[in-house]
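Since the structure is predicted, the reported quantities are computational estimates derived from the model, not experimental observations.
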Amino acid sequence: MKMTKRVLLTAAVMAAASFGFMGCAADDDDDDPNNMFSSGVNNFDIEYNNTESSVSRGVNVTAQNHKGAFIKATMDKQDGNGGVLGFMWDITVDGTTEVVDAGNTKPWSFWLIGLNYGTASNTTTTELKYYVSKYKNVTDKQAQNFGATRAADLAAFNSATGVSEYEKVKAFTSFSPNGGVNGAATITNTTDKAWTVYIDIAQSLGSDNKADGGFTVRLYSPQTVGSASKVEDSWADNYLAKIDITPTETGYTSSTIKQKQLGVYANVYGNSYVKGSFSYADTYAQAELAEADAE
């Protein structure tokens, strides 16, 4: 069984990380031209009423680098067709670990998990669905699907020279029932189309119990998490969904995977309203993760 390792930040590092999340418009304002996101200590909030017929998109990133995180994603209310909330990780700029700062227009690469609940054009039922994709060479965060061409497979993605998408989990995929828990457990108010999902992104471990360069992503319901602020061993495999991203898919080995920026993404469909938030319960220190063995 593939394992994951999470090492919590020390108090001093966590304090620095908190300031890293505050005022997180570290990227160009053009990435969130309608100022949909606001940020505070360890959280991003969105409340936006899109009165236009076109989709409004926004991206914000952390000012600090992190290897992984445990995030609470909440949709408080949607009107109209609502929208998509997404979380980004392993953000690189022009193939480096360069920090995304104001005016930086170099190509981005990143992984993204998106969550949608509603009956918009890309869904057929009022149920929460998700997708996971890897993007590269992205320069226009306002373009539909970041302007990317969806590659047929990983080999085609790796060989592509333009803006490309590798679809790990197809948009939009229903949560598979697991241990009696399914996507319905995330819905907190059907009238408001409100939902809550916890996202755990951690470095995966190989058969030698050492970091192998991949990621393991698990999605949990609020019923499973309760009041916890970190992933608990007692949860076992009581997840909504689990996505194993292999070193072949990341292109990393244990020695090459680096600490990167994290980010949030939203699109609000035309003539729709969205209110939601992302809260960081924990961030993981890559420097510790890279050397960690399974306990």
Side-chain angles (χ1 to χ4, degrees), residues 1-9 66-75 84-90 110-117 127-134 167-188 195-207 209-247 249-250 252 257 260 262-265 277-286 288-289 292 294-295:
M1 178 179 69
K2 184 176 284 290
M3 302 176 68
T4 55
K5 178 68 178 179
R6 303 166 186 85
V7 180
L8 304 185
L9 296 173
H66 306 281
K67 173 57 194 70
F70 182 46
I71 308 104
K72 180 183 180 181
T74 301
M75 181 74 80
V84 176
L85 295 183
F87 189 79
M88 305 161 70
W89 77 98
D90 193 35
F110 52 86
W111 286 89
L112 171 69
I113 181 166
L115 296 152
N116 172 268
Y117 172 71
E127 102 182 84
L128 188 66
K129 299 185 178 185
Y130 75 106
Y131 70 94
V132 178
S133 285
K134 183 180 183 180
E167 196 174 41
K168 172 68 176 180
V169 178
K170 293 186 178 297
F172 280 90
T173 296
S174 298
F175 288 108
S176 299
N178 184 78
V181 179
N182 57 44
T186 69
I187 308 304
T188 57
W195 52 262
T196 295
V197 172
Y198 288 82
I199 306 168
D200 179 54
I201 301 168
Q203 185 169 343
S204 59
L205 303 178
S207 58
N209 288 337
K210 294 182 181 293
D212 62 7
F215 296 107
T216 298
V217 180
R218 290 182 177 88
L219 307 180
Y220 292 101
S221 72
Q223 290 87 340
T224 296
V225 175
S227 60
S229 62
K230 62 184 179 66
V231 177
E232 302 284 356
D233 292 339
S234 61
W235 299 349
D237 290 333
N238 195 27
Y239 46 75
L240 294 165
K242 178 186 177 186
I243 306 97
D244 289 316
I245 299 173
T246 67
E249 292 170 311
T250 66
Y252 298 138
I257 192 166
K260 307 287 178 60
L262 310 174
V264 294
Y265 167 77
S277 63
F278 294 89
S279 301
Y280 292 80
D282 259 328
T283 52
Y284 306 139
Q286 195 277 339
E288 295 170 320
L289 281 164
E295 293 179 343

| Test log, rule side chain to side chain contact (heavy atoms under 4.5 Å, CB included), inputs V225 and T196 | CA-CA 11 Å; V225 175; T196 295; over 6 Å; no
| message | Looking at K168 and E249, is any side-chain nitrogen of the basic one under 4.0 Å from a carboxylate oxygen of the acidic one? | response | yes
Pairwise distance [atom1]([X]) to [atom2]([Y]) - rounded to 0.5 angstrom:
{"X": "L205", "Y": "Q203", "atom1": "CG", "atom2": "CD", "value": "7.0 Å"}
{"X": "W111", "Y": "F215", "atom1": "CH2", "atom2": "CZ", "value": "8.5 Å"}
{"X": "T74", "Y": "F278", "atom1": "OG1", "atom2": "CZ", "value": "9.0 Å"}
{"X": "S207", "Y": "D212", "atom1": "OG", "atom2": "CG", "value": "8.5 Å"}
{"X": "K129", "Y": "L115", "atom1": "NZ", "atom2": "CG", "value": "13.0 Å"}
{"X": "L240", "Y": "R218", "atom1": "CG", "atom2": "CZ", "value": "12.5 Å"}

| task | Please step through side chain to side chain contact (heavy atoms under 4.5 Å, CB included) for the pair I113 and L219, ending with a clear verdict. | result | CA-CA 10 Å; I113 181 166; L219 307 180; 3.5 Å; yes
Nearest heavy atoms of [X] and [Y], plus distance in Å:
{"X": "K260", "Y": "Y252", "value": "NZ-OH, 2.7 Å"}
{"X": "I245", "Y": "S204", "value": "O-OG, 4.4 Å"}
{"X": "P247", "Y": "G214", "value": "CG-N, 3.9 Å"}
{"X": "L85", "Y": "M75", "value": "CG-CE, 3.8 Å"}
{"X": "T173", "Y": "K170", "value": "OG1-O, 2.6 Å"}
{"X": "A171", "Y": "E167", "value": "N-OE2, 3.1 Å"}

| Side chains of L112 and M88 in contact at under 4.5 Å (non-hydrogen atoms) | yes
| field | Any side-chain heavy-atom pair of V197 and L128 under 4.5 Å | value | yes
| field | Trace of the side chain to side chain contact (heavy atoms under 4.5 Å, CB included) decision for T250 with D90 | value | CA-CA 9 Å; T250 66; D90 193 35; 5.5 Å; no
| request: Identify which one of Y198, F87, W89 satisfies the ring pair (Phe, Tyr, Trp, His ring centres under 6.0 Å) criterion when paired with F70. | output: Y198
| field | ring pair (Phe, Tyr, Trp, His ring centres under 6.0 Å), paired with F172, selected from Y131, Y130, Y117 | value | Y131
| Intermediate values then yes/no, side chain to side chain contact (heavy atoms under 4.5 Å, CB included), Y239 and T224 | CA-CA 8 Å; Y239 46 75; T224 296; over 6 Å; no
